[in-house]
Enquirer: 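Handing you a structure now.
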Amino acid sequence: MSWSDTPANLVALPVIFPALIAMICLLAPRPAVWRRVLTAAAMAALLAQAIWMVIHVMEHGPMVLRLGGWVAPYGIVLVGDTLAGIMLGLSSFTALSCVLFGFADETAREEHPLRLPLFLFLLCGINLTFVTGDLFNLFVAFEVMLLSSYGLMTLEAGAKESRQAFPYLTLNLVGSALFLAVCGFAYSLFGTLNFAEIIGRADLLAGDYRLTLLAVLMLLVFGLKAGLFPLYHWLPGSYSVMPAPVAAFYAGMLTKVGVYILIRIFGTVLPPSMTELHTLIAWTAGLTMVIGVLGAVGQTRVQTILSYHIVSQIGFMALAIGLFSPFAITAAIFYIIHHIIVKSALFLVGGSVIKLNGTDELARTGGLWRAAPWLGIAFVLQAMSLAGLPPLSGFWGKFMIIQEGFTQGEWILVGMSLVASVLTLMSMLKIWLGAFWKKAPEDRPPVVTGGSRRMSLVVVCMAAVSLFIGLNAEMFVRVAKHAANETLDRAGYAANVRAANETLYPAKTPGAPKP
Amino acid sequence: MEILLATVLLTPVLLALVMPLLGRFLGAKVGWVALLAPVVSCAAVIKMYGLPLAERLPVNWEWVPSLGVNLTFMPDGLSLLYGLIVSGVGVLVVFYAACYLDDDHYRDHGKFYCYLLLFMAAMLGTVMASNLLMLFVCWELTGLTSFLLIGFLHDKAESQRGARMALLTTGMTGLVLLAGVVLLRVIYGTYDLATILAHSGVPAGSETLLLMAFICCFIGIAGKSAQFPFHYWLPNAMAAPTPVSAYLHSATMVKLGVFLTARLLPVFNDLELWMPLLTGIGFGTFLLGAVLALLSQDLKGVLAYTTVAQLGFLIGYYGLHVQGVPVTWDALHVLNHVFYKACLFMVVGIIDHSTGTRDLRKLGGLWRKMPIVGTAALLALATFAGLPPTTGFLSKELLLADLFALWQSHGGFQALWPLAVLTVGSAINVAVAVRVLGAFFGKPTHAVEDHFHAPSIGLQLPPVLLGTATLVCGVFAAGFGRFTQSFGGSPGRVVGTTELHLWHGVTPELITSAIVVVAGLVLYFAVGRVRWNRAEVPVWLRFDLLFDKVADGVPYAARGFNRAMGFESPGSFLYVICGVMVLVPACFLIPRWSELTAQAGQWSMLPSEPEGWMRWVVVLLVGAAAVCAASWKRVIPQLFAVSIVGLGISFYYVLYQGPDLAITQMLVESATLLLVLLVVLRLKRDGADSTPLPTIGRIRGGLRLAVSAGAGLLLGGGVLVFQQTPSPELDRAGDYYLAHSEAYAKGTNVVNTTVIDYRGFDTMFELMVLVIASLGCLGLLARRRTSGLRGRFGTGETDLFPVPNDFILRMIVVLGFVPLNLFAGYIFLRGHNLPGGGFPAGLISALSLILLSFVLGVHGVRKVVRVNPIGIAIAGVFLALAAALFPALVQGLPILHHFHVYVAGFYLGGAFWFDLGVYLAVVGTSLKIILPLMKSVHGLPGFVEEEEARFASLHCEPIDLQRPKTAGGRKEGR
Amino acid sequence: MTNQLEAAVLIAVLFGSGIFLCLSRRMLSMLFGFILISNAANLVLIAISGDPTAKSAATLAGHSPDALPPVDPLPQALILTAIVIGFAVAAYLTVLIYRLYTDRGTASVPTLFDPKAEPVVGGEDKS
């Protein structure tokens, strides 16, 4: 196999491309239509590329890019395997729908000139976390992601909202510091930061208390990113004040990045023997589910309710990770696929509610079932999917988790998940009754405009996608299963990265790999 | 077979999808189109029923095979029976609805029929399914569609309430059912019903599992069939339009529980719990329902409670059939109930329609107004009361016969108490029947007289049909019996051979029913109509109120819980986070303490060389400064201490052989301090931070101390632990860098080559981070206003910190500017081989410019640097990107692959351009961050003209246009 | 095997006092806290890079075979990146604090999140 026949550089595309587009957008200080077109086109292209990547990888195995052509364990490598491909596809799909929604929401003239660039940078950071195969590079990716997310969060905030960024920021600063320390520890323990290399060296250290300590610290860092109990206080307050398109993207992707990294680290990088940690994850997840949903039922604003539900849904995915079997990881991956789309779609519905009713305070909304039936249909589909009612996408994920839980005899955890589902149904019902079925307040009937119609269109398309996932679950379960097996096949991962060293280069090849 | 099934299931679905569209044009008439679906399905079901048993093959379409979920169907006796009921009653109901929902009282007909047909499809799917999970899927779908139907008149509050109650109850119990189904999967390893039913008896070793599965499934059944304690939702679901009640809440959906009981009978009925649970709940509900029916006044409510009762009767019936005693006549019982209950609901609908009330107290003398309906009602009520010659009589006699048989075989209590319950309950039913009949006899009441308008013939047709059915089937008992058995059996159910007769001699059954009838009449007339009309359901039996209390109470409880969790006070969550970060690792370390100490024994802590002691000196200095920073209260001293720390650390780097680090650290430190100083000065000038905060409580203070001490110990200890590399000859990536830097990266400063070449990818995104940060700061310096787009800002510049008009200082800075930048260039050029590089160089230039801005003012600087700083930054990033992508795009090499070019012995390779990019980006971004902040802090709205006119939205205003009324100091006082 | 105890002590003190400051209620103190914390994190990277005694810097310019062995360059490279990123974050945090102050007229966290406290600047058009 020669260099030319593996288009490995394409692995870097989802990272470089958004950054490039963002810089180009920055060349125009004022918002303009061409920026919108460019951005949307770029995201569509990324989506296509991600889909191609998943197909390609499922046939030919993971794609590995050795940046700078340096020999594998020493330079930085990017690894595009099935899981990464799935996540890339999800991120670009969500980003695309969110920006389209934003376009429908505001005219190009009103749009904040920095929104699209920061959005693209955020996408770039997120994608980097998916493809990177290097611990410190992951740290850098997180920083790109976090800084652009801070920026977006405060970009269009008024005097009322700005303060919500403060907890989010402070918290992530502590997290980043710890992450940096973890990188140092990992380097001194393994002598490398490359995932593939760590795999082998971690196996030698299996059972060493330093390895466990490192794993615990990693769990803390990434649990914070994922918003696991009790590290999630920052989430609800900060998500519910942002403009809907941004909030929707955050809700869809940001915490899921944490979940993805948990899968990657505990599934691929660290040895599977750390059962005590898996148990810890599982039980934390159980608490996260219940407490998050308890937070939700108390709320009275659409966006706030949804923000709390993010937390509880994270619990489901983390529970699947904690159960830690091929089937459980399959469930987790399927759940991520379902959740990202549904959750951001729901946030967009919330945005449309604000647009139509002028507020998302459930006491003052209403009348949307007659005013915007399509929006209503989309909401029903997504909300029931979130609550896990069949045959929507959410049902399959929940069902797989329950089945695995019962197979492993985790009665209490499954019970917790059932309770969480009931409460989820309850608060979704609250939104439905409050915003759709209830009569609109006489003084402010819902105002249907062309903008709100286009917004509904976007949401309906997302609903259609998740309905497709639900009805055509087989395909997605297959993909998820493949991804899960690939993720858990640690030797295979390491071998793939090593194999990249065999790819031939023209002259000037840095020295042969060290024995 | 496939085609038949497809027709049965798909016709309603497809038709449902076009309903809303048609509804728009046809209005109420769309109902007649909708009628097509049940007719077709019904015909198909009958066709299936006509097939000989041999040809009724199971059908299997793949859906999600990898989860063992497929669309498999098993058209056995049970499925066909229910299929016929669903589609057949469907025909009648849709017909009835088409007459009932007229244009002037109702709207959204399209939606209505859409829901109705979808519901029908889901029902058919449920009863035909032979894959447990698919069955569950359809089961939940019926719940969802019925929710939409119940809440169809969603402008009414009680519709919303009923719909919510129904969905939550059935949804909750449905989830439990799911658990049960999954448990069955765990036991039998499949979802395929045929396989599961093929197993006979309890599989060894999984008795408890099976028991749990049974309980879970039964909870699901009870929820759907409104059995105690879930009986409350059915009466409240009566807020739905009457056709819906007639269809869902009498004939079909609530029967699903009964259906599932019959389906899973062979799986569970070997359990000891089978009989007590089913008979207990079933007959208990029968009695309860009867009593509640007698006590309520709303006709629909009465019917709802009788339905609850009848469902209890059916479920209890299955309970009687412990192993050995097969189920024979359930088909008859079910059909009987369908006949009269659907009929009664339709009658009530007619009454409601034509008199405008359903209140028993307000009704009377309807017979004279509408004799046909009256007749139908009379028949139905007779059936309900179990009087000969109706099917109701047959059904009751059969059950009594079963009970007596049970008495013979098992004897004693478990047969006697159901007998007693049944007798009492039926007696009450008779009384209820008489009460309802009261609406027809006597002289018409005002309500009737005033509002009455005659119902259309079409409206009366379905109930009449059903009414006569009860009579005819009753009279020709034998034929009816044979018909009910002709569907064929299903696992656990056998086809009875005994011939049914209306008159079968004077048997104990007959005597019992005679007693029942007499008792019922006595019960009614002893109390008398007047007093019955004053009766009402006692509060302690109103479970629905309780449910509402819970459903509304949970949010309040949750809100309190939130407050307890500290969501309301985002200020204090850092304690939680830091606490966790200390405690969790500690919990993992403590069990391994011995291992740790054992190793710690061999560590040599103290340095041997003198320079090691030098490091100690620096450490003590820095540590002292840090502690001071932490303990001091005032800002300026803190700032001073922090800068000491930064400086000391750069010394420490020097001692640690990191010259590049030292330079960078020092520069970055000064840049940071500059920023902070700007803000601090401004805050101090406004006296924002002057007044001290109230002293924090002792506990909180102690906690704070403990957490921070723990955090410090954790990280310090961690360092000690991890300084021990597992093996001394560990192959470190750094060694590789050292080995190949000169040969391949063409640079001798390995730190620099690492940053620029080996790990250039990190650096590339580090630049992004800088750019992003500067954009973020720009965003922060403009605030979204609540209303209106931006007008023009006044440029009245109130310079809060005027430029010092000091000639000497100005000269020094201006003269220092050029050499500084020359030095920067030097640092940049040597960077690849000696300590230095693009980054420190960039910072030096930036700082020089900022110094300049101190003395010349920001505008002065803009005279020196004419391009917008962000432009410089973007150019830098583009340069770096180009250097990175060049090999990929041109040579097809991996991204960031270096290329070496020498011009007159001067290195102009990829690394050079990359580093140049770094330099530019650093200059640009640091300027972009500091200069606008400086202007804003100086209170120069002109900043807006310059920056925001470019990078801010029309909705934004510069944050420092008007000085905040600094209540800050006083605010902190409280 | 040798440990650099002094590095551990330094990191412990810095991180501890940093966290202590973060838990304070003055935003500026928190800012200082974060500066200390990120410094501590950087020091972790250098502290695990082995004992620098009897080692030279990682610059090979004109080094002779008998020169001291160079230190591990990788952690230093990482620190360089980390320092820069830390600078970006600190800058953002500083500006955020300033912004919050102009919005709320306060520089203390409890007042910031006091449910009763309203922004001191209504967003209404001042021009």
Side-chain angles (χ1 to χ4, degrees), chain B residues 570-571 603-605 609 615-616 619 623 626 630 635 638 642 656-659 661 664 668 672 675 679 688-689 704 708 711-712 715-716 719-720 722-724 733-734 737 748-751 754-755 762 766 769-770 773 776-777 780 785-786 788 791 833 929 959 961 964-968 971-972, chain C residues 1-3 5-6 8 10-17 19-21 23 25 28 32 35 39 44 46-48 52-53 55 57-61 71-74 76-77 79-81 83-85 87-88 90-92 94-95 98-99 102 105-111 113 120 123 125-127:
Chain B
W603 296 347
S604 64
M605 293 293 188
E609 302 356 9
R615 292 208 301 275
W616 268 102
V619 164
V635 179
Q638 273 181 321
V642 171
Y656 234 101
Q657 305 298 352
L661 296 185
T664 319
V668 164
T672 318
L675 269 168
V679 173
D689 233 19
R704 181 181 170 191
S708 36
L715 207 61
V719 168
L720 277 185
F722 284 102
Q723 273 175 343
Q724 302 294 330
Y737 296 168
T748 57
N749 179 0
V750 187
V751 176
T754 314
V755 170
D762 288 344
E766 163 196 335
V769 169
L770 279 173
C777 295
L780 279 172
R785 62 185 60 200
T786 47
N833 297 317
I929 293 173
I959 56 176
L961 258 187
K965 334 170 204 36
T966 310
K971 268 220 189 75
E972 285 158 311
Chain C
M1 295 190 278
T2 66
N3 285 59
L5 182 58
E6 92 285 351
L10 178 56
I11 288 161
V13 173
L14 280 184
F15 198 69
S17 40
I19 291 286
F20 185 81
L21 280 171
L23 296 179
R25 293 171 296 171
L28 282 174
F32 296 141
I35 294 176
N39 274 323
V44 169
I46 197 103
I48 50 87
T53 29
K55 288 221 181 112
T59 48
L60 313 172
V71 292
D72 187 342
L74 178 58
Q76 299 200 1
I79 295 175
L80 269 184
T81 315
I83 291 180
V84 181
I85 291 176
F87 168 63
Y92 182 84
T94 319
V95 181
Y98 170 59
R99 159 70 182 269
T102 56
T106 176
S108 83
V109 183
T111 330
F113 286 102
V120 291
D125 203 338
K126 283 283 183 297
S127 62

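To find a chain, count down the sequence lines: A is the first, B the second, and so on, and within it residues start at 1. These values consider heavy atoms only, across backbone and side chains, with no hydrogens, waters or symmetry-generated copies.
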Enquirer: How long is the straight-line distance from CG of B:Leu715 back to CG of B:Leu720, given to the nearest 0.5 Å?
Expert: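 Nearest 0.5 Å value for the CG-CG distance: 10.5 Å.
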Enquirer: Would you say the side-chain atoms of C:Gln76 pair up with the backbone N or O of B:Gln657, donor to acceptor, closer than 3.5 Å?
Expert: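 Looks like yes, one N/O pair under 3.5 Å.
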Enquirer: Answer whether the closest heavy-atom distance between the side chains of B:Leu780 and C:Tyr98 falls below 4.5 Å.
Expert: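 A side-chain contact under 4.5 Å is absent here.
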Enquirer: Got a second to check how far C:Leu28's CG is from C:Leu21's CG, nearest 0.5 Å?
Expert: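 Nearest 0.5 Å value for the CG-CG distance: 11.0 Å.
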Enquirer: Below 4.5 Å from any heavy atom of chain C, which atoms of B:Val750 appear? Answer side chain, backbone, both or neither.
Expert: both
Enquirer: Quick one: which of C:Val44, C:Ile85, C:Ile83, C:Ile35 has the most heavy-atom pairs under 4.5 Å with chain B, could you say?
Expert: C:Ile83
Enquirer: Which heavy atom in C:Gly16 sits nearest to a heavy atom in B:Ser708, and how many Å separate them?
Expert: O-CB, 3.3 Å
Enquirer: Given heavy-atom pairs under 4.5 angstrom as the criterion, report whether the side chain, backbone, both or neither of C:Ile48 touches chain B.
Expert: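 Both parts, heavy atoms under 4.5 Å.
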Enquirer: Measure distances from B:Ile929 to the heavy atoms of chain C and classify the residue's part below 4.5 Å as side chain, backbone, both or neither.
Expert: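 It is the side chain, since no backbone atom gets that close.
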Enquirer: So what's closer than 4.5 Å to chain C heavy atoms on B:Tyr737: side chain, backbone, both or neither?
Expert: side chain
Enquirer: Need one label for C:Ala47: side chain, backbone, both or neither, based on atoms under 4.5 Å from any heavy atom in chain B.
Expert: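 For C:Ala47, heavy atoms of backbone and side chain both lie under 4.5 Å from chain B.
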Enquirer: Look at B:Gly776, B:Cys777, B:Gly623, B:Ala733 and state which one has the largest set of heavy-atom pairs under 4.5 Å with chain C.
Expert: B:Cys777
Enquirer: For the interface with chain C, which of B:Thr672, B:Val751, B:Thr664 has the highest count of heavy-atom pairs at distances below 4.5 Å?
Expert: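 Looking at each option in turn, the highest pair count goes to B:Val751.
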Enquirer: Which heavy atom of C:Leu74 sits nearest to which heavy atom of B:Gly734, and what is that distance?
Expert: CB-CA, 4.2 Å
Enquirer: Nearest 0.5 Å please: distance from the CD1 atom of C:Ile46 over to the CD1 atom of C:Ile79.
Expert: 4.0 Å
Enquirer: How many angstroms lie between CG in C:Leu10 and CZ in B:Arg615, if you round to the nearest 0.5 Å?
Expert: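 That separation rounds to 11.0 Å.
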Enquirer: Determine the option with the most heavy-atom pairs under 4.5 angstrom with chain B, choosing from C:Pro73, C:Ala77, C:Ser17.
Expert: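 Going by pairs under 4.5 Å, I would pick C:Pro73.
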Enquirer: Please determine, among B:Asp762, B:Leu675, B:Val719, B:Thr754, the option with the most heavy-atom pairs under 4.5 Å with chain C.
Expert: B:Val719
Enquirer: Please flag which part of C:Ile11 lies under 4.5 Å from any non-hydrogen atom of chain B: side chain, backbone, both or neither.
Expert: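 C:Ile11 touches chain B through side-chain heavy atoms alone.
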